[in-house]
Amino acid sequence: MSFISTAEQQTYIEALGKVVLNACPGSGKTSTIAHKLIKLVSDWDFSYGSSGGIACLSFTNVAKNEIAEKFREASGFPLSYPHTISTIDSFVNMNIALPFIHKLMDNNKRFRIVDDISYIDRLFQNNWQFIKTYKNFIYRFAPSKIDFDGNIIWDGHDKSDDTDFVKYGNAIKEAQYKALLLKISDSALFALKILQQFPRVSKYLASRFPYLIIDEAQDDTSEIQHTILDELTKGGLEHLDLVGDPYQCLYQWRNASPELFLQKFDDKNNWRRLCLSENRRSTQRIVNIFSPLRRKGEAPISSCNNTEDDLYPHILKYPVGSPAFIIPIYEKLCLDKSFDNNRILVRGNTLRNSLLGRHASFEPWSNDLPYKLIEAKIHLESNEIKEAVRKVKRLFIALLNPGLGFKDLREKEDENQSNHELHAQVFNLIRAMPAFDLSIKQWTMDTEKYLKETLVLSANLDFGIRKRSSNKFDVKTLESPINQYFKKATTESNLPITTIHQVKGMTFDSVLLILSENNTAQNISLDHFIEPVDMPTEKQRLIYVGISRPRKLLCLGIPDTYSDIDLKSKFGNDIIIL
């Protein structure tokens with residue numbers, strides 16, 4: 001693996017104690033963490049003793065697997081016991097909540113984590129007693145979105161001033177716990193209570209894992225998780241690295257708190273603050289576009305790819321109401337420069353579906369399986385093989401193991417994370433699926449039969465195809481071909497269109513970010529290109545992530561209501577306006 005250690009990277013690799021590393025986009029953060037792990041492991045027995053190990057935690061399975069792979073490539077061997085690479089949720093579940101929750105409960109029964117929280121909705125919305133008692137709430141306020149942190153919370157909103165809702169929320173949580181079910185948010189809350197009430201658990205964990213590295217800390221760590229880390233520090237944890245970029249936090253719906261990351265970064269008395277400010281991905285001209293979205297006083301980002309021949313960022317103007325107008329212009333730019341890896345980015349699925357001509361509300365099946373299969377086939381046709389396999393691998397495992405529960409299914413999936421034979425099976429399954437030029441009705445019958453025969457299933461499959469028309473659905477559409485309603489996730493010019501959330505951590509030759517005509521609701525527009533007073537807003541962070549993906553060419557799609565003078569004033573003269 002190619003790795004050039006800069007002074008900033010080497011400083012972090014050698015740093016011990018409580019460290020906050022603020023890493024800009026394209027700085028080689030993951031490779032730097034992998035090389036720090038190599039140094040720690042090589043020094044481990046001598047410096048730390050052999051009783052405990054390093055826990056390197058990240059936000060998603062994809063991110064933690066990337067760290068594990070880079071470590072293996074650089075060291076020549078996988079990270080093994082007593083060390084671990086995991087997600088922060090899994091770490092909290094397996095080391096605190098599940099083994100010690102009995103200390104807070106009146107029984108010693110085994111709880112399980114619910115991966116698919118829609119199961120909680122089905123559990124209560126199909127329970128006649130709950131429907132009868134809480135008919136005014138149970139369908140309007142999904143049970144799966146109820147949390148308890150001392151107050152009853154629904155979808156992030158405190159409902160403690162609504163007496164009737166509090167009764168509803170308490171009844172749901174009480175029944176959920178009685179059924180021995182925990183959401184991820186429940187697990188974190190119980191873990192914190194365990195550490196606060198039983199300090200010996202904190203001491204045990206500080207001994208078992210005397211070094212913690214938290215990757216993507218701006219997304220990983222909610223207020224509760226930050227407090228969990230504080231409790232572990234009280235228990236004797238001396239070495240803790242928080243690594244991330246607070247300006248790339250996109251998951252505040254999960255209570256991630258980039259402000260808490262920055263609070264620790266600013267706390268010079270208790271934390272050692274370090275930066276990775278060299279960008280190895282983008283040209284300086286691209287860096288100069290997204291840098292102003294950071295707060296004042298940050299270390300300036302310098303590009304390692306800075307030449308006079310670097311392309312100027314392009315502004316592509318579209319007529320109001322017609323953003324698709326600029327897509328052929330962008331395509332020609334990519335073809336002229338012989339760029340192979342390009343992406344059109346949008347804020348959300350509404351604009352994405354509009355550009356694709358999709359019927360967003362068209363739902364001919366009640367089962368999720370056919371939609372996942374279609375998405376996987378679309379990814380495969382776009383040569384996005386990993387994403388295609390990821391979409392349906394768990395469904396594949398579930399079909400072959402119909403008796404597995406949530407926890408066992410997740411463990412089975414983790415066990416097969418590097419099972420290339422299984423991945424090949426899933427790939428071949430997707431590739432040989434019935435064609436999309438069949439009618440929806442015929443495709444459904446053929447695909448149900450195909451899966452049963454290919455996987456040698458004992459029971460018939462039922463996608464739940466609609467049988468009758470309704471106000472929103474015409475049963476006659478079932479005679480139309482699949483590809484009329486479920487198009488490839490590209491434009492007619494074969495340029496992939498994805499949301500900003502989907503490309504976080506990815507790199508492209510070029511990117512076209514299409515901005516909306518206004519900033520209402522969830523839209524992002526040119527109005528958000530302003531220097532934040534302190535922490536950038538969620539919409540500004542979305543823009544920051546999107547425009548920091550390209551290596552060579554950045555294009556912004558902007559409505560033609562903005563004059564060239566406005567655009568030059570906003571971005572300076574180093575832009576090309578088309």
Side-chain angles (χ1 to χ4, degrees), residues 23-26 29-30 58-66 87-89 115-118 145 155-156 184 215-222 244-258 261 281-282 290 293 323 341-356 358 360 368 371-372 375-376 378-379 382 384 386-388 390-391 489-491 495-508 510-516 519-525 528-529 535-550 554-557:
C24 76
K29 171 177 66 67
T30 303
S58 196
F59 181 55
T60 63
N61 282 315
V62 172
K64 65 101 171 173
N65 290 338
E66 185 181 2
T87 64
I88 191 166
D89 288 335
D115 287 336
D116 181 4
I117 61 172
S118 65
K145 294 184 178 182
D155 198 22
I184 293 297
D215 177 38
E216 298 290 353
Q218 78 283 349
D219 284 330
D220 274 335
T221 39
S222 64
D245 182 353
Y247 309 112
Q248 294 192 64
C249 177
L250 302 184
Y251 295 97
Q252 283 194 280
W253 50 268
R254 228 192 72 126
N255 297 319
S257 181
F261 180 94
R281 175 192 296 142
S282 306
F290 67 75
L293 293 172
N341 187 14
N342 311 295
R343 195 61 54 101
I344 299 172
L345 301 181
V346 295
R347 165 65 175 88
N349 286 317
T350 301
L351 178 54
R352 178 172 179 261
N353 288 334
S354 172
L355 292 170
L356 293 170
R358 287 193 176 171
D368 283 341
Y371 300 103
K372 295 290 186 184
E375 287 181 33
I378 288 171
H379 282 297
S382 300
E384 297 170 338
K386 286 186 178 179
E387 185 64 16
R390 188 192 69 80
K391 279 285 181 186
T490 62
T491 63
L495 288 170
I497 302 178
T498 49
T499 64
I500 297 170
H501 282 88
Q502 291 173 304
V503 300
K504 186 179 177 187
M506 300 173 71
T507 298
F508 307 100
S510 73
V511 158
L512 166 61
L513 174 63
I514 299 181
L515 299 173
S516 299
N519 57 15
T520 58
Q522 297 301 310
N523 293 340
I524 55 174
S525 74
H528 294 107
F529 271 89
M535 186 68 193
T537 65
E538 181 184 11
K539 291 182 179 182
Q540 289 176 313
R541 296 197 301 273
L542 279 163
I543 294 172
Y544 178 89
V545 169
I547 63 179
S548 61
R549 300 306 96 199
L554 169 65
C555 295
L556 296 176

> Does Asn523 offer a backbone N or O that forms a donor-acceptor pair with the side chain of Arg347 under 3.5 Å?
Replying inline: no
> At what distance, to the nearest 0.5 angstrom, does OG of Ser516 lie from NZ of Lys539?
Replying inline: 8.5 Å
> Roughly how far, to the nearest 0.5 Å, is CD1 of Ile344 from OG of Ser510?
Replying inline: 9.0 Å
> What residues form a side-chain contact (heavy atoms from CB on, under 4.5 Å) with Gln540, not counting sequence neighbours?
Replying inline: Leu293, His528, Ile530, Pro532, Pro536, Thr537
> What's the spacing between Asp245 CG and Tyr544 OH if we round to 0.5 Å?
Replying inline: 4.0 Å
> Do Thr87 and Asn61 have side chains that get closer than 4.5 Å, going by heavy atoms?
Replying inline: yes
> Roughly how far, to the nearest 0.5 Å, is CD1 of Ile543 from CZ of Phe290?
Replying inline: 13.5 Å
>> Please find the pair of heavy atoms, one from Val545 and one from Tyr247, that lie closest to each other, and give the distance.
In response: CG2-O, 4.4 Å
> Should Arg549 and Leu554 be marked as a side-chain contact (heavy atoms from CB on, under 4.5 Å) after you check the CA-CA gap, both sets of side-chain angles, and the distance that decides it?
Replying inline: CA-CA 9 Å; Arg549 300 306 96 199; Leu554 169 65; over 6 Å; no
> What distance separates Leu512 CG from Asn342 CG, expressed to the nearest 0.5 Å?
Replying inline: 10.0 Å
> Has Lys372 got more than 12 heavy atoms of other residues, nucleotides or ligands less than 6.0 Å from its NZ?
Replying inline: no
>> Donor-acceptor check, side chain of Asp215 to backbone of Thr30, threshold 3.5 angstrom: yes or no?
In response: no
>> Closer than 3.5 angstrom, by distance alone: can the side chain of Arg281 be matched with the main-chain N or O of Pro25 as a donor-acceptor pair?
In response: no
> Short question: side chain of Glu216, backbone of Ser58 - any donor-acceptor pair under 3.5 Å?
Replying inline: no
> Can you name the salt bridge (charged side-chain N to carboxylate O under 4.0 Å, His left out) partners of Lys145, sequence neighbours left out?
Replying inline: none
> Just by modelled atom types, is the Pro550 backbone N or O under 3.5 Å from a matching donor or acceptor in the Ser282 side chain?
Replying inline: yes
> Less than 4.5 Å apart, any side-chain heavy atom of Thr498 and any of Leu345?
Replying inline: yes
> What's the spacing between Ile524 CD1 and Leu513 CG if we round to 0.5 Å?
Replying inline: 5.0 Å
